[in-house]
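Here's the structure we're looking at; comments come further down.
Only heavy atoms go into these numbers, but all of them, side chains included; no hydrogens, no water, no symmetry mates.
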Amino acid sequence: SRGLGDVYKRQVNGLGSRYVASVAAGTKLFQVICCPFDAMGATMATYCGQNVGACRLDRLGQGIRSCSLLGLAYAVVAFCAMLVFADPCAMLFLTPSEPQLDLLVSLTSRYVTSVAAFFFPLALVNIIRFSIQGMGYSSFAILAGVLEMAARAGVGLGLVPVFGYTAVCVASPAAWIAADLF
C-alpha cells in the first residue's frame, strides 16, 4: 500500500536504523502514556451521542469543556513526567545490550518529550473528533483524520529531508494541530 502514512514511514526509514529504533521505542511509550486521551475520546462519543439522543443539547458544551480541562491537566502532568522520566521510560522499550544505547535513549527521549509538549492538541483531537462522531457527524471526523494523515505526510516529504530527526519529532504534533484547526 502506498498511502499517506507510507510516505512518512519511508522518510523515517531513510534516516537510518538508530532513528527507526528510537521512533519505534518512542511510539510504544507514547501509546502507553496516551491511553487516557483515547479514553476521553471514547467517553465523549458516548456522552455526546446519549445527550443528542435525549435532546439535551445544552449539556454538550459543558461536557466538552470539562473533558478538555481534564485533558489539559493530564497533558501538563504527562509532559512534566516526560521531562523528568523520559530516559528511564525509554529503557522500558529498548534492549540494554543494544549498541550505542546512550544515543538510542537520547533520541527516544527527544522524540517522546517533543511529542509530549503537544499533548493538549492531541487531547482536543480525541475529545472533539469523538464528540463530533457521537453527535452523528462522522464524515467531519473522517475528514479531520484525513487532514491529520496529510499533515504527517507533508512533514515527511517537506521537512524530514531538510530538518531530519527534528522534523520526525514534530510530525505527529503537526498532524494533531492540522486536525484541530479543521
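Two different hydrophobic clusters hold Met82 and Val84 under the rule that ILVMFWY side chains link at heavy-atom gaps under 4.5 Å. By the rule that hydrophobic residues join a cluster once side-chain heavy atoms approach within less than 4.5 Å of another member, Val162 and Val155 end up as members of one cluster. By the rule that hydrophobic residues join a cluster once side-chain heavy atoms approach within less than 4.5 Å of another member, Phe37 and Ile33 end up as members of one cluster. Linking Ile, Leu, Val, Met, Phe, Trp and Tyr residues whenever their side-chain heavy atoms come within less than 4.5 Å places Ile64 and Tyr137 in a single cluster. No chain of hydrophobic side-chain contacts below 4.5 Å, direct or via other Ile, Leu, Val, Met, Phe, Trp or Tyr residues, connects Leu104 to Tyr19.
Residues Thr113 and Phe79 come closest through the heavy atom pair O-CE1, 3.7 Å. For Leu94 against Leu101, the heavy-atom pair with the smallest separation is CB-CD1, 4.3 Å. Nearest heavy-atom pair, Pro121 versus Ile177, reported as atom, atom and distance to 0.1 Å: CB-CG1, 4.2 Å. The two atoms that bring Arg59 and Tyr47 nearest to each other are O-OH, 2.8 Å, heavy atoms only. Counting all heavy atoms, side chain and backbone alike, Phe30 lies closest to Val115 at CD1-CG1, 3.7 Å. In plain terms, the two heavy atoms of Ile127 and Cys67 that are nearest each other are CD1-O, 3.4 Å.
Within a 6.0 Å radius of CZ in Phe140, other residues, nucleotides and ligands contribute 12 heavy atoms or fewer.
Between Phe163 and Val170, the closest side-chain pair of non-hydrogen atoms is not below 4.5 Å. The side-chain heavy atoms of Val76 and Phe120, taken from C-beta on, include no pair separated by under 4.5 Å. Within the 4.5 Å cutoff, the side chain of Ile128 has no heavy atoms near those of the Met44 side chain.
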*Begin with the C-alpha distance, continue with both residues' side-chain angles, and end with the deciding distance and a verdict on side chain to side chain contact (heavy atoms under 4.5 Å, CB included) for Asn126 and Met40.*
CA-CA 7 Å; Asn126 283 351; Met40 288 176 204; 5.7 Å; no
*Tell me, with the steps shown, if Met91 and Asp87 meet side chain to side chain contact (heavy atoms under 4.5 Å, CB included).*
CA-CA 7 Å; Met91 285 303 300; Asp87 285 0; over 6 Å; no
*Starting from the C-alpha separation in whole Å, work towards a yes-or-no answer on side chain to side chain contact (heavy atoms under 4.5 Å, CB included) for Leu122 and Cys34.*
CA-CA 9 Å; Leu122 172 61; Cys34 290; 3.6 Å; yes
_Assess the residue pair Tyr165 and Val23 against the criterion (side chain to side chain contact (heavy atoms under 4.5 Å, CB included)); give the C-alpha distance rounded to whole Å, side-chain angles, the decisive distance to 0.1 Å, and a yes or no._
CA-CA 9 Å; Tyr165 192 67; Val23 170; 3.7 Å; yes
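Going from atom CG of Leu147 over to atom CG of Asp180 covers 11.0 Å, rounded to the nearest 0.5 Å. We find the CZ-CD distance between Arg18 and Glu98 to be 5.0 Å, quoted to the nearest 0.5 Å. Distance check: Leu57 CG to Cys48 SG gives 10.0 Å after rounding to the nearest 0.5 Å. Distance check, rounded to the nearest 0.5 Å: CZ of Phe182 to CG of Leu143 gives 4.0 Å. Distance CG/Leu70 to OG1/Thr43: 9.0 Å, rounded to 0.5 Å. Note that the CD atom of Gln50 and the CG atom of Leu60 stand 11.5 Å from one another [nearest 0.5 Å].
Side-chain atoms of Gln62 and Ser66 form a donor-acceptor pair, as typed in the model, at a separation below 3.5 Å.
With Ser109 contributing its side chain and Val105 its backbone, the two residues share a donor-acceptor pair below 3.5 Å.
Checked against a 6.0 Å centroid threshold, the rings of Tyr74 and Phe119 do not count as neighbours.
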